[in-house]
J.: 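Below: one structure in structure tokens.
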Amino acid sequence: MIDPIEFIQNASSITKKSMNKLKLKTNPFSEKPIRGNTKFFVGRTTELIEIADILGAAQYGSISNAAIVGTKGIGKSSLLNVIYYAAKRQNHWTVELEASQVTPRQFLIHLMYGIIRDNIFAMDGTLSTDYMEHSQKIIDIYRRLESFSDKTPVHYPREKIERDLDYLLNNVKEEGKLCIILIDEADQFAKKSCLGLLQFFHSFLYDEGILSFFAGSPTLMENLTKVSPAMRDRFPKIINMPPLSKEEAYDLILRRLKDAQTVKANGYDPFTENAINTIVEECDGIPRRIIMTCSESISIGLKKGLTEIDENIVKTAMKKLGISIGHQILNHLTPAQSKIIKALAESGGKSTVTELAKILNNSPGTIGTHLSDIYEMGYIYKDRSGSNVYYILSKELKDVLIPEEENL
Ligand SMILES: Nc1ncnc2c1ncn2[C@@H]1O[C@H](COP(=O)(O)OP(=O)(O)O)[C@@H](O)[C@H]1O
Ligand SMILES: [Mg+2]
């Protein structure tokens, strides 16, 4: 019988030894948006200039809300958080919230609570008297919602919430100060149930002194305008986040490693040069992929007690994370395209426009257009036999979509 306490102690001392073998003090690749601590923040010069311009112009009255868009893991939340701290430092009122999983009513209460908590609570946790009565009421409501969820019958109707929010903002803005509202995961508002909320935003985001940044997917604006067409003119600026350049990707890895290396380490230790190159090549400049691949590679290295991590370990890590090329392609496709690709996989990886149109219950014209787009991108092949044109999945897509035993 082993003593369980001793067992855990032994196991963690082995990890410590393995960590030492890799010349690391800790695994420096934790997957979290960059918050406040910007020593790991790389690149994004173009985006930062755009943001600085927007903030600068807004201070002199020309306010234009902006949407920050990009694929998953590209760094939207991190950028939003940089804006938060920059705006705070300029003494603007700033509030940062996530749009996910809340009803419109809950969201507005969260928004008001955030504004009060982050901007009118004094350091000692008291409220300045001017806002006392009103704010205290909102805080009470917020606390009740937090502990009992939105299902409890708190009598605080939407119209009243909206009036209070207007009151709050108009009374608390000081001369020359903006109220900056940062909303992450804004695609969550692209639902019918959020139409009222979007309509409210439509007038609210036009108020003098309110500047808003919405972060979301590459199709954020399309998604929002589908629900409320008026949203488009509220976001005249779109900040599109491209992948990191190769240099920036190397920089991201190196900065994190440097922070965690022991004195014995040098360069990109514990990674071999080939390992680093593989990571940079395969992760397409997406920070989240780079970080997760590095982190997983280090975990494998620790488990195996290795002294260095080569490209084979990196490849194993990628397989485990499912960051195969096929997955990367799937991430690039629009929802309509990916539906077609899945139907093509279900037909064994080879099919015609007519067959796919039948499966998807759509017109051959539409399916044909999508297929030729996907063909142009090089993700499927064409094979002409007789009068039929067959579309065939690329090997990369077959690998992820068709189970091994069927995939000949
Ligand atoms: N400019 C950057 N420099 C360094 N690391 C970054 C940068 N942007 C994002 N990251 C890292 O990449 C990961 C994903 O970033 P995140 O902001 O959460 O992306 P998104 O919100 O677009 O999904 C996080 O671990 C974050 O720390
Ligand atoms: Mg995010």
Side-chain angles (χ1 to χ4, degrees), residues 26-52 66-87 94-102 107 110 114 181-190 212-221 223-224 235 238-260 268 271 276 279-280 282-299 317-318 321-323 327-328 330-332:
T26 53
N27 183 342
F29 296 97
S30 82
E31 217 296 290
K32 270 188 241 143
I34 289 185
R35 314 204 138 260
N37 177 0
T38 47
K39 76 176 165 185
F40 296 144
F41 192 87
V42 304
R44 300 296 173 219
T45 325
T46 317
E47 291 82 353
L48 292 174
I49 292 171
E50 275 181 88
I51 288 161
I68 297 174
V69 302
T71 50
K72 291 186 191 112
I74 198 82
K76 300 176 296 293
S77 300
S78 301
L79 193 62
L80 215 56
N81 201 252
V82 167
I83 303 176
Y84 179 86
Y85 284 97
T94 316
V95 62
E96 191 181 18
L97 323 197
E98 220 175 73
S100 60
Q101 278 141 24
V102 286
F107 178 80
H110 274 261
I181 298 173
L182 308 170
I183 298 177
D184 205 354
E185 308 290 348
D187 290 86
Q188 298 285 335
F189 287 154
S212 180
F213 289 88
F214 275 28
S217 77
T219 53
L220 173 66
M221 287 321 296
N223 299 346
L224 291 180
F235 289 90
I238 311 279
I239 299 174
N240 203 332
M241 296 186 74
L244 297 177
S245 69
K246 294 234 162 89
E247 292 70 39
E248 287 163 348
Y250 281 105
D251 191 24
L252 184 157
I253 299 171
L254 189 61
R255 281 207 216 170
R256 293 206 181 223
L257 281 176
K258 279 242 163 80
D259 197 62
Y268 281 110
F271 292 102
I276 290 284
I279 295 167
V280 170
E282 297 287 323
C283 293
D284 277 347
I286 312 255
R288 175 170 296 143
R289 280 193 204 152
I290 299 170
I291 286 167
M292 289 178 70
T293 307
C294 290
S295 177
E296 187 60 35
S297 306
I298 291 177
S299 300
M318 283 187 185
L321 291 169
I323 315 179
H327 281 101
Q328 294 178 26
L330 287 178
N331 279 340
H332 279 195

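Order of listing sets the numbers, starting from 1, for every ligand and every atom in it.
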J.: Among protein heavy atoms, which lies nearest atom 27 (O) of ligand 1, and at what distance?
T.: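 The closest one turns out to be Lys32 O, 2.5 Å.
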J.: Looking at atom 14 (C) of ligand 1, what's its closest protein heavy atom, distance included?
T.: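 Looking at atom 14 (C) of ligand 1, the protein heavy atom closest to it is Glu31 OE2, 3.5 Å.
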J.: Considering only protein heavy atoms, which is closest to atom 10 (N) of ligand 1, and at what distance to one decimal place?
T.: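 Of the protein heavy atoms, Pro287 CB, 3.6 Å lies nearest.
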J.: If you measure every N/O of Ser77 against every N/O of ligand 1, is any gap under 3.5 Å?
T.: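 By distance alone, the answer is yes.
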J.: Counting only heavy atoms closer than 4.0 Å, does ligand 1 sit against the backbone of Arg256, its side chain, both, or neither?
T.: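 Side chain only; the backbone of Arg256 stays clear of ligand 1.
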J.: Return a yes/no value for Gly75: is any of its N or O atoms, backbone included, closer than 3.5 angstrom to an N or O of ligand 1?
T.: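 So ligand 1 has an N or O lying under 3.5 Å from an N or O of Gly75.
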J.: Considering only heavy atoms of Ile291, which atoms of ligand 1 have at least one such atom less than 4.0 Å away?
T.: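 Answer, ordered by atom number: 11 (C), 12 (O), 25 (O).
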J.: Of all heavy-atom pairs between Thr94 and Ala87, which one has the smallest distance, and what is that distance?
T.: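 Here Thr94 and Ala87 meet closest at OG1-CB, 3.5 Å.
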J.: Using the ring of each side chain (for Trp, its six-membered ring), is Tyr250 parallel, tilted or perpendicular to Tyr268, with breaks at 30° and 60°?
T.: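 Rings of Tyr250 and Tyr268: tilted, 30 to 60°.
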J.: Has Ser245 got a side-chain atom pairing as donor or acceptor with Glu248's backbone, closer than 3.5 angstrom?
T.: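 Between the backbone of Glu248 and the side chain of Ser245 there is a qualifying donor-acceptor contact (under 3.5 Å).
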J.: Can you tell me if Gly73 contacts ligand 1 (heavy atom of the residue under 4.0 Å from the ligand)?
T.: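 Yes; Gly73 lies near enough to ligand 1 that a heavy-atom distance drops under 4.0 Å.
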J.: Considering only heavy atoms, does Leu252 approach ligand 1 within less than 4.0 Å through its side chain, its backbone, both, or neither?
T.: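 For Leu252, only side-chain atoms sit under 4.0 Å from ligand 1.
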J.: For the pair Arg255 and Asp259, find out whether any cationic side-chain nitrogen is under 4.0 Å from an anionic carboxylate oxygen.
T.: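 Answer for the salt bridge query: no.
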J.: Of the backbone atoms (N, CA, C, O) and the side-chain heavy atoms from C-beta on, which set of Arg288 has a member under 4.0 Å from an atom of ligand 1: side chain, backbone, both, or neither?
T.: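 Arg288 to ligand 1: contacts from backbone and side chain alike.
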J.: Using atom types as modelled and distance alone, determine if a side-chain donor or acceptor of Asp251 lies under 3.5 Å from a backbone N or O of Val42.
T.: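 Looks like no, no N/O pair under 3.5 Å.
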J.: Quick check against the 3.5 Å criterion: does Lys76 have a side-chain atom that pairs as donor or acceptor with the backbone of Gly70?
T.: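 Side chain of Lys76 to backbone of Gly70, a donor-acceptor pair under 3.5 Å: yes, one is there.
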J.: Locate the shortest heavy-atom distance separating Ala99 from Glu185; write the atom from each residue and the value.
T.: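 Closest approach of Ala99 to Glu185: CB-O, 3.4 Å.
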J.: Name the closest protein heavy atom to atom 7 (C) of ligand 1, giving the residue it belongs to and the distance to 0.1 Å.
T.: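 The closest heavy atom on the protein side is Ile34 CD1, 4.2 Å.
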J.: Return the residue, atom name and 0.1 Å-rounded distance of the protein heavy atom closest to atom 4 (C) of ligand 1.
T.: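 Ranked first by proximity to atom 4 (C) of ligand 1 is Phe40 O, 2.9 Å.
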J.: With a cut-off of 2.8 Å, does any N, O or S atom of Ser77 fall short of it relative to the Mg ion (ligand 2)?
T.: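 Yes.
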J.: For Phe214 and Phe235, take the angle between the two ring planes, folded into 0 to 90°, and tell me which bin it lands in: parallel under 30, tilted 30 to 60, perpendicular over 60.
T.: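 Tilted.
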J.: Heavy-atom contacts with Arg44 under 4.0 Å: which atoms of ligand 1 show up? List them by number with element.
T.: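 By the 4.0 Å cutoff, the relevant atoms are 1 (N).
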J.: Return yes if some donor-acceptor pair links the side-chain N/O of Asp284 with the main-chain N/O of Ile286 below 3.5 Å, else return no.
T.: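 No.
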J.: On a heavy-atom basis, which atom in Thr293 and which in Cys283 lie closest, and how many Å separate them?
T.: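 Where Thr293 meets Cys283 most closely, the heavy atoms are OG1-SG, 3.4 Å.
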J.: Would you mind finding which of Lys76, Glu248, Met292, Arg255 brings a heavy atom closest to atom 22 (O) of ligand 1?
T.: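 That would be Lys76.
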J.: Identify the protein heavy atom lying closest to atom 1 (N) of ligand 1, giving its residue, its atom name and the separation to 0.1 Å.
T.: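 Sorting protein heavy atoms by distance from atom 1 (N) of ligand 1 puts Val42 O, 2.8 Å first.
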